[in-house]
Student: 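Quick one: the structure is below, questions incoming.
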Protein chains: 2
Amino acid sequence: MEIDRTSWKLLKALEENARLTYAELGKLVHLSAPAVAERVRKLEESGVITGYGATINLEKVGIPITALVECQVYRTKEREFKALVLSLDEVISCHNVTGPYAFILKVAVRSMSLLDELLERLIDLSDTNTMMILSTPVDRKMPLGIDQVAE
Amino acid sequence: MEIDRTSWKLLKALEENARLTYAELGKLVHLSAPAVAERVRKLEESGVITGYGATINLEKVGIPITALVECQVYRTKEREFKALVLSLDEVISCHNVTGPYAFILKVAVRSMSLLDELLERLIDLSDTNTMMILSTPVDRKMPLGIDQVAE
DNA sequence: CGTGAAAATAGAACCGC
DNA sequence: GCGGTTCTATTTTCACG
């Protein structure tokens, strides 16, 4: 699907605030509400927009600890490792990357002792390196800059 | 703010689909739509819900390359590094973490040559280690499992 | 927290470019 | 094809119990 400047603006706006009404979006791009609705519908159908989610402040719900865990998975344990990661509630994200640490997890836990338990389970299947997240100065879902648009 | 089981359910539901109507949410938790709306409003006001965002498939908008970049920032360049990171459109997230690699960036770019340009700029201020993201088996915003709720 | 009304929004049908 | 206008259904919001 081709993304023109108008749809790009809509994507950026919806990424920042998915609760904007079609009328509000229309004002941004100088289009009527139904025209915007139609564009958004097509963006959804073509898989450009894959969903809408609320962002939760984990600290405020009693989950104050987040960490990145690099995992160098033992060759024979890869399948088992993947299954474990998918089954762990505390795993927020899992990236399979190039390099010796094939998997990088982001985990969120209520206490250090729970983090310890989690790491114990991962250590059976991989060598891990844990980095506690101190702050997150940037957290977006797509790059800024309309220059990035393919034209 | 205290989160009871009902509000926890609402958070989980909204995290997965921020477009659920209050009536639909009400069915999930056996409450009327206005009661749900009031709870959600309080969750927003108290900062538990910090926003609502659309999730975009970057590949489909011509940004097929994502990478994690670990940055060991030179002691004297930390302020400059932070400013640079905040100014770069391609940086999707930036975590300040414990350990020698103080910053871990996630970047999204349209081409390898743009990634190269980006890394050149970072290398002036830090030692970097780049890991290309091959796949992302898990990507959530909060842990699953109601057991995590503080009670 | 529930009910019921009013206001706002979304969705569908149809017309014009 | 794409967008505008109108009309209807749904949803949100507010008053009241």
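We name chains A, B, ... by the order of the sequence lines, and we start the count at 1 in each one.
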Student: Starting at atom CD of A:Glu38, determine the distance to atom C1' of C:dC14, rounded to an integer number of angstrom.
Tutor: 14 Å
Student: Which atom names give the shortest non-hydrogen contact between A:Pro143 and B:Ile92, and what distance separates them?
Tutor: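 Scanning both residues, the minimum pair turns out to be N-CG1, 4.3 Å.
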Student: NA contact type, A:Arg41, heavy-atom cut-off 4.0 Å: base, sugar-phosphate, or nothing?
Tutor: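 Since no nucleic acid heavy atom lies under 4.0 Å of A:Arg41, the category is nothing.
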Student: For each nucleotide in nucleotides 11-16 of chain D, reading 5' to 3', give B when a protein heavy atom comes within less than 4.0 Å of its base, S when such contact involves only the sugar-phosphate, and - otherwise.
Tutor: SSSB--
Student: Please convert DNA chain D into dot-bracket. A pair counts if it is Watson-Crick or G-U wobble with both distances under 3.5 Å; crossing pairs go in [ ] and bases paired with another strand get |.
Tutor: ||||||||||||||||.
Student: For A:His30 and D:dG4, what is the distance between atoms NE2 and P respectively, to the nearest whole Å?
Tutor: 12 Å
Student: Rounded to the Å, how far apart are B:Arg39 CZ and C:dC1 P?
Tutor: 5 Å
Student: Just by distance, no angles: are the side chains of A:Tyr52 and A:Glu44 close enough, under 3.5 Å, to form a donor-acceptor pair?
Tutor: yes
Student: Between A:Leu86 and A:Phe103, is there a shared hydrophobic cluster once you connect ILVMFWY residues whose side-chain heavy atoms come closer than 4.5 Å?
Tutor: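 Shared cluster, yes.
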Student: Tell me the closest heavy-atom pair linking B:Tyr101 and B:Asp127, and the distance in Å.
Tutor: CE2-O, 3.8 Å
Student: Please give me the minimum heavy-atom distance between B:Ser126 and B:Phe81, naming the atom from each residue.
Tutor: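 Scanning both residues, the minimum pair turns out to be OG-CE1, 3.8 Å.
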Student: Does one side chain, of A:His95 or B:Lys106, offer a donor that lies under 3.5 Å from an acceptor on the other?
Tutor: yes
Student: Using a strict 4.0 Å threshold on nitrogen-to-oxygen distance, state whether B:Lys9 and B:Asp4 make a salt bridge.
Tutor: no
Student: What I want to find out is whether B:Arg41 reaches B:Glu45 closely enough, with some N-O distance under 4.0 Å, to be called a salt bridge.
Tutor: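 Salt bridge present between B:Arg41 and B:Glu45.
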